[in-house]
Amino acid sequence: MAQKPGIPKGTRDFNPEQVAKRNYIFNTIQHQFELYGFQSIETPSFENSETLMGKYGDEGDRLIFKILNSGDYLSKVDNNLYSKKDSNAITSKISEKALRYDLTVPFARYVVQHQNEIEFPFKRYQMQPVWRADRPQKGRFREFYQCDADVVGSTSLWQEVEFVQLYDAVFTALKLEGVTIKINNRKILSGIAEVIGASDKLIDFTVALDKLDKIGEEKVKEEMLEKGISKEGIEKLQPLFTLSGSFNSQIEQLKAILSTSEEGNKGIEELEFIDKAITELGLQTATLQLDVTLARGLNYYTGAIFEVSAPETVKMGSIGGGGRYDDLTGIFGLKDVSGVGISFGLDRIYLVLEELNLFPETVSKNIDLLFINFGETEALFCLKAIKQLRLNSINAELYPDAAKMKKQMNHANKRNIPFVVLVGDEELESESYTLKNMTTGEQFKLSLKELILKFQ
RNA sequence: GUGGUUGUAGCUCAGCUGGUUAGAGCAUUGGUUUGUGGUACCAAGGGUCGCGGGUUCGAAUCCCGUCUUCCACCCCA
């Protein structure tokens, strides 16, 4: 035997059962998206490099899969550049396309490109694979699916409120109870940075703050010092490290910290609005939690920031994220179109449902009837019946070969087919069908009409 | 990108400090059983020990490289 074929690391094959389970998640999410008024679009799996590059920060650029130009791609690189062996400089010469890294940036590109055809506010959802040249680990792949819902063309905070409800609706429909929807606001982070005199170090400051629950207060302070944030500034942060209690009481504490920051106050107002509405409307199974350490997608989020964590019993990174971006389309030349959206990580949700055993038993569809093949005459007779069954929406098939009974029966068992039909000489003569229940072993002789009636 | 970990039959794994022809269970195929399956028993097929190089009289076993797996960091869904 030659060496076995394989697939690139971080990618996966899906067997029929896995596909059925994935489709169950897809369908559940899609159903809720549509209930909330979102419409589906699709974009190409690869975009022009300039559409993607620079939109996700340096780290993001590194993780984008670049597609090599076709043809004699090296001939365009001048010798001087080539001899320097500067990968970054050469990349733009030999690669002009790249695999999509997420669904948000391509959507922004779509909105700008089709701005005159779109009726705003535009609510779209998109469920497609994205690719990242990351190193795989638990719940992290190089090809995975995102399910995004975004609204563009409205600055209304009611959108944020609806997205919180949508998260709750989807996870409730998936029977995944006890997820936490964490919410924060970019304006609060900016406000804090402003108050401690580190406005220019917002990203460094938030990246460090984000690690609070992971590495602890001391290490976070160390990292901030390293990044050049003043000692006095860090001292002002002290209340932040011990921030606790209900949504409301955290808000009160934040108000004290941010009293001098106009932007910070704006962020507080927004959070209060959302919390008040959600409290009034109620959530089914999820919990909305204020988390000031939450810092995601800072390269484009300007208002609300969302992240969803699985129930604490499961060790898994976030299973969803999102936020408000006031100026994403600005990058592509369209000003003043605000957007807000959320994303579901299908592959991670799959792992969580699997771990908690939450998939319904019936996710995979099976055929009801397998006709045993006894030979040419019998097979043709069976196919006539099968045709009628299928016209009546009954799943049925004929075993393709006139193999030994044992083999055919075994095949039915392996595939968990509940019934087989036997048609031999005797049945041919009487134009009847022997139906055998593979679980109980019972069998009955039926006419085609009776057979159809039984399975309809 | 950094650090660690893993790789033996289709699958799950044994194989002690290097020593004849590398094993088991499950799965597969055939038989006991020509139109009645699941169970049982019997038998058979299937492996360049991830790949490449090195040390050695001798390597699945030790060393180096490489790829892969999983995990942590970075970052993220």
Side-chain angles (χ1 to χ4, degrees), chain A residues 1-12 15 25 29 56-64 87-88 100-104 127-148 203 206-208 210-211 214-215 219 223 294-299 305-310 315-323 341-352 370 372-375 378 399 402-428 434-443:
Chain A
M1 239 191 296
Q3 62 186 40
K4 272 176 273 179
I7 55 176
K9 69 169 157 187
T11 65
R12 296 145 303 154
N15 65 31
I25 302 174
I29 294 175
Y56 309 99
D58 292 343
E59 191 69 17
D61 282 357
R62 206 194 75 206
L63 297 177
I64 292 173
S87 302
N88 282 334
R100 135 180 99 217
Y101 177 88
D102 73 356
L103 300 177
T104 307
M127 308 200 295
Q128 289 188 282
V130 302
W131 295 268
R132 294 185 187 178
D134 207 352
R135 210 180 266 207
Q137 53 179 281
K138 183 172 186 184
R140 172 178 287 189
F141 308 99
R142 300 215 291 184
E143 176 184 63
F144 62 96
Y145 274 76
Q146 286 190 334
C147 308
D148 277 27
I203 302 281
T206 49
V207 165
D210 187 46
K211 295 178 190 163
K214 233 180 200 172
I215 62 176
K219 295 257 171 141
E223 186 169 331
L294 178 60
R296 289 299 139 105
L298 288 171
N299 286 300
I305 303 171
F306 296 112
E307 181 171 301
V308 181
S309 356
K315 210 169 161 257
M316 177 64 66
S318 62
I319 54 177
I342 60 173
S343 178
F344 292 82
L346 174 106
D347 301 85
R348 287 190 176 176
I349 293 170
Y350 183 104
L351 292 173
V352 171
L370 178 73
I372 302 294
N373 189 331
F374 284 108
E378 292 89 342
Y399 192 89
K404 285 182 182 163
M405 271 293 278
K406 180 172 173 158
K407 194 178 165 78
Q408 299 193 45
M409 296 294 252
N410 255 327
H411 181 73
N413 284 329
K414 294 261 163 66
R415 284 181 55 195
N416 277 317
I417 296 170
F419 293 93
V420 298
V421 177
L422 300 122
V423 176
D425 294 339
E426 210 181 296
E427 288 87 352
L428 270 183
T434 297
L435 176 72
K436 182 181 177 83
N437 180 325
M438 293 301 278
T439 316
T440 63
E442 292 173 304
Q443 51 189 65

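Note that the structure is predicted; figures quoted are calculated from it, not measured. Each chain gets a letter, A, B and so on, in the order its sequence line appears, and its residues count up from 1.
Using the Watson-Crick or G-U wobble rule with both distances under 3.5 Å, rG65(B) pairs with rC51(B).
Of the candidate nucleotides rA77(B), rG31(B), rC74(B), rA77(B) has the atom nearest to the side chain of Gln146(A). Listed nucleotides: rU32(B), rU36(B), rG30(B). Nearest to the side chain of Lys406(A): rU32(B). The Lys211(A) side chain lies nearest to rC75(B) when the options are rA77(B), rC75(B), rG35(B). Side-chain atoms of Lys414(A) lie closest to rA27(B) of the nucleotides rA27(B), rA72(B), rG37(B). Across rG37(B), rA77(B), rA72(B), the shortest atom-to-atom separation from the side chain of Met438(A) is found for rG37(B). Closest to the Gln137(A) side chain, of the nucleotides rA72(B), rA77(B), rU36(B), is rA72(B).
The base of rC76(B) is paired with the side chain of Arg348(A) by a donor and an acceptor separated by under 3.5 Å. Judged by atom type and distance alone, Gln408(A) does not reach the base of rU36(B) through any side-chain donor-acceptor pair under 3.5 Å. Residue Lys9(A) places no side-chain atom within donor-acceptor reach of the base of rU68(B), judged by atom type and a 3.5 Å distance cut-off alone. Judged by distance alone with a 3.5 Å cut-off, a donor-acceptor contact links the side chain of Asn413(A) to the base of rG37(B). Contact annotation: side chain of Arg140(A) to base of rC75(B), donor-acceptor pair present below 3.5 Å.
Take the nearest nucleotide of RNA chain B for Val308(A) and for Met405(A): the residue whose nucleotide is more 5' is Met405(A). Residue order along RNA chain B, read from the 5' end via each residue's closest nucleotide, puts Gly10(A) first among Gly10(A) and Tyr145(A).
Across all strands, Gly60(A) comes closer than 4.0 Å to no nucleic acid atom at all (heavy-atom distances). Lys404(A) comes within contact range of the sugar-phosphate backbone alone, with a heavy-atom separation under 4.0 Å but no base atom that close.
The separation of rC63(B) from rC71(B), taken at their C1' atoms, amounts to 25 Å, rounded to a whole angstrom.
Annotation: side chain of Leu422(A) is in contact with side chain of Met405(A) (closest heavy-atom distance under 4.5 Å).
Side-chain atoms of Thr11(A) and Glu143(A) include no donor-acceptor pair closer than 3.5 Å.
Phe374(A) qualifies as a stacking partner of the rG35(B) base, centre to centre under 5.5 Å and near-parallel within 30°.
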